[in-house]
S.K.: 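Before anything else, here's the structure in question.
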There are 2 protein chains.
Amino acid sequence: MATIRDVSKLAGVSVATVSRVINQKGYVHEDTLQRVHKAIKLLNYVPNDVARSLSKKSTKTIALFVPDITNPFFNELALAVEKVTQLYGYTTILCNTNESAKIERQYIQNLKQKYIDGFIMATNTLTEEEIDQLDIPMVAVDRSSTPVVPTVTSKNRDGAHLAVQALLQQGCNKIAHIRGPKGLWIAEERCQGYLDLVENMPWFTPKLIANGNFQLKEAAEAAKKLFKEHPDIDGVFAGNDLMAIGTLRALQEHGIRVPDQVQIIGYDGISLAEMVYPELSTVSQSIYEMGMLAARILIKKIEQIHLDEENHQLEVKLVQRGTTRHG
Amino acid sequence: MATIRDVSKLAGVSVATVSRVINQKGYVHEDTLQRVHKAIKLLNYVPNDVARSLSKKSTKTIALFVPDITNPFFNELALAVEKVTQLYGYTTILCNTNESAKIERQYIQNLKQKYIDGFIMATNTLTEEEIDQLDIPMVAVDRSSTPVVPTVTSKNRDGAHLAVQALLQQGCNKIAHIRGPKGLWIAEERCQGYLDLVENMPWFTPKLIANGNFQLKEAAEAAKKLFKEHPDIDGVFAGNDLMAIGTLRALQEHGIRVPDQVQIIGYDGISLAEMVYPELSTVSQSIYEMGMLAARILIKKIEQIHLDEENHQLEVKLVQRGTTRHG
DNA sequence: CTGTTAGCGCGTTCAT
DNA sequence: ATGAACGCGCTAACAG
């Protein structure tokens with residue numbers, strides 16, 4: 001690997017000049033510019049990022065933390081983040097914490113030692129104190145743990161309303177909710193949205209809410225139990241698509257027809273939702289939007305560009321497909 | 001952030017000594033060792049990886065390239081790789097090439113500038129020449145593009161035999177194959193395995209082979225077309241689980257009962273296979289094994305430890321679940 | 001056992 | 001417009 005010095009020698013200039021042309025900074029005569037370029041081509045020179053990072057104390061790379069890389073939602077988010085960071089000349093590295101706070105901290109420590117420029121967190125285990133102490137730009141997506149960092153989420157409660165309303169209008173007389181993890185803000189909001197509309201219904205009972213932990217398998221188990229105890233449930237609003245698919249699977253296993261006997265609506269709008277049969281009706285949030293927005297905000301923070309609006313709550317929309325009886 | 005110099009001053013020793021205790025290299029008196037440790041604690045000192053990398057020309061990090069992060073197979077592989085690299089003190093960064101040779105090359109260029117120590121490729125777009133020129137340790141998993149790098153795969157052809165044999169024994173009279181991408185070695189092998197057993201059957205025709213590109217959606221389309229033209233197909237061997245699930249979905253959409261009317265067997269053994277209904281029968285390869293093995297081999301190559309066996313072909317086994325009529 | 005010093009490859013004043 | 005020289009933080013001889 002050629003170094004900047006090799007180039008400078010070949011071009012008959014100083015390293016400073018070479019540095020100038022590489023970074024397009026400061027004045028440099030047209031002729032010497034050509035000579036330097038030629039030398040670079042000749043030597044197949046590529047600047048060494050490690051050395052560059054050391055002197056600039058910046059790596060032009062950010063990290064995206066996701067709790068579960070297995071969930072398509074986060075894959076799609078990652079794609080979006082990567083797209084914009086790349087556009088701005090940044091590299092993004094994906095960290096799967098596997099829902100483990102310990103792994104998350106390890107990663108953070110590790111990355112800090114590597115001069116990471118910023119974090120996008122789709123996880124929520126960090127305390128405000130830790131974030132402050134970190135002293136590295138950060139933004140939260142989807143889940144947000146604390147108000148001290150810019151956050152991008154969707155209107156979870158509104159979304160839940162949309163879903164439950166549709167189920168109600170389309171003839172459901174007893175609607176259950178498979179919710180996400182206790183204590184997780186977005187799970188609480190979606191649950192609350194469900195409650196807003198059904199709490200005062202004559203048929204309502206808290207037993208209609210089961211925890212599926214945002215996981216397909218757990219949701220399937222929860223659904224089975226739910227239907228055993230309340231065979232007359234005819235509508236399910238799941239806190240995310242994965243759990244909705246798990247519910248669908250449980251019902252199919254028991255020979256219950258969807259959407260004839262039971263209608264299901266999920267939340268997220270992941271592409272897997274269109275790959276099950278019947279295709280899943282869902283409250284779709286623009287995952288791609290969220291990722292792009294978060295990335296843009298982070299980069300602005302890194303480059304110290306002023307943001308007039310740090311927090312965003314994106315609109316959601318109801319997409320009815322095969323698991324509901326609509327129009 | 002404190003530097004090694006700060007520590008050395010506080011401890012009243014030279015930076016070299018501090019470096020020695022950090023890296024546990026060379027002799028250092030017990031007393032000074034204590035002093036240094038105390039200083040480190042006091043200053044909350046953490047070595048700067050960038051500086052370290054610059055002088056050692058090594059980052060203790062490797063990259064794993066996958067063609068499609070959306071495919072659970074690669075997620076599971078990533079988990080395995082990460083596990084062992086971590087064990088050996090390495091960090092691994094996940095690169096999703098999205099099946100694009102261009103993105104792959106960009107990543108490689110980028111990482112090379114960052115002193116990456118090695119690559120694990122689950123992709124196959126690199127030519128031998130490029131690999132040679134790269135001059136960085138590398139190992140291939142799953143797909144292997146060339147014989148010049150150590151490779152870890154499974155016995156694809158044997159696996160295909162297992163699947164087709166089972167379908168045959170369990171009463172199938174006309175078996176179709178949804179294959180992976182043309183030109184992709186593992187796809188060819190699995191297809192060949194299928195051919196080995198059915199090529200001479202009276203009912204066989206090449207039209208029974210359709211390309212699903214290892215993609216769920218494409219496979220669903222392919223299956224629909226296949227069944228329209230050959231309604232009497234009663235068995236399908238898919239080149240991977242995703243395509244098997246796509247097939248299942250297509251059949252369900254047409255009201256064809258699985259496994260009563262049609263039996264399906266996939267390939268891979270991803271966990272998603274257990275999450276559809278009926279649960280997917282499949283040729284299971286030990287994805288985790290593959291990942292771990294590849295990582296170990298790579299690390300040995302990096303650390304220049306001799307390997308007596310560079311290439312591995314792992315055993316596979318047939319797992320019969322809900323999409324076949326067994327026993 | 002410990003300190004001095006010269007790199008690692010590049011960015012960046014400060015002169016000229 | 002260009003060059004000399006120092007600094008980024010750490011490792012690795014080489015002396016002692």
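Lettering follows sequence order; numbering is per chain, from 1.
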S.K.: Quick one: do the B:Asn96 and B:Tyr107 side chains pair a donor with an acceptor below 3.5 Å?
M.R.: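 There is no such pair between these side chains.
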S.K.: Please check if the side chain of B:Thr151 supplies one atom and the backbone of B:Val149 the other of a donor-acceptor pair under 3.5 Å.
M.R.: yes
S.K.: Compare every heavy atom of A:Thr123 with every heavy atom of A:Pro67, then report the nearest pair and how far apart it is.
M.R.: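 So the two residues come closest at N-CG2, 3.6 Å.
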S.K.: Hey, is the side chain of B:Lys57 poking within less than 4.0 Å of OP1 or OP2 on C:dG9, counting only N and O atoms?
M.R.: yes
S.K.: Round to a whole Å and report the spacing from CG of A:Leu43 to P of C:dC10.
M.R.: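 Nearest whole value for this atom pair: 12 Å.
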S.K.: Apply the test side chain to side chain donor-acceptor pair (under 3.5 Å) to residues B:Asp268 and B:Gln285: give CA-CA distance (whole Å), side-chain angles for both, the deciding distance (0.1 Å), then the verdict.
M.R.: CA-CA 5 Å; B:Asp268 273 353; B:Gln285 39 183 347; 2.8 Å; yes
S.K.: Counting only side-chain nitrogens and oxygens, does B:Ser19 get under 4.0 Å of the OP1 or OP2 atom of D:dT11?
M.R.: yes
S.K.: For the side chain of A:Asn213 and the backbone of A:Gln215, is there at least one donor-acceptor N/O pair under 3.5 Å apart?
M.R.: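 It does not hold such a pair.
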S.K.: Distance check: side-chain N/O of A:Asn48 vs OP1/OP2 of C:dC8, anything under 4.0 Å?
M.R.: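 So the side-chain polar atoms of A:Asn48 never come under 4.0 Å of the phosphate oxygens OP1 or OP2 of C:dC8.
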S.K.: Which nucleotide, C:dT2, C:dG9, D:dC8, lies nearest any side-chain atom of B:Leu54?
M.R.: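 Looking only at side-chain atoms, B:Leu54 lies closest to C:dG9.
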S.K.: Look at the side-chain N and O atoms of A:Lys25 and state whether any lies under 4.0 Å from the OP1 or OP2 oxygen of C:dT12.
M.R.: yes
S.K.: Tell me if a side-chain donor or acceptor on A:Ser53 pairs with a main-chain N or O of A:Asp49 at a distance below 3.5 Å.
M.R.: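 Yes: the side chain of A:Ser53 pairs with the backbone of A:Asp49.
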S.K.: Using whole Å, what does the distance between atom P of nucleotide D:dC10 and atom CE of B:Met1 come to?
M.R.: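 One finds 8 Å between P of D:dC10 and CE of B:Met1, rounded.
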S.K.: Under 4.0 Å between any heavy atoms, over every strand shown, what does A:Thr32 touch: base, sugar-phosphate, or nothing? Just pick one.
M.R.: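 Sugar-phosphate: the residue A:Thr32, judged by heavy atoms under 4.0 Å, touches backbone atoms but no base.
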S.K.: Hey, does the side chain of B:Tyr45 come within less than 4.0 Å of D:dC10's phosphate (OP1/OP2), counting only N and O?
M.R.: yes
S.K.: From the set C:dG11, C:dG9, D:dG9, return the single nucleotide nearest to any side-chain atom of A:Tyr115.
M.R.: D:dG9
S.K.: Listing time: all N or O pairs from protein to nucleotides 3-7 of chain C that are below 3.5 Å?
M.R.:
{"residue": "C:dG3", "atom": "OP2", "partner": "B:Ser14", "partner atom": "N", "Å": "2.9"}
{"residue": "C:dG3", "atom": "OP2", "partner": "B:Ser14", "partner atom": "OG", "Å": "3.3"}
{"residue": "C:dG3", "atom": "OP2", "partner": "B:Thr17", "partner atom": "OG1", "Å": "2.7"}
{"residue": "C:dG3", "atom": "O6", "partner": "B:Arg20", "partner atom": "NH2", "Å": "2.5"}

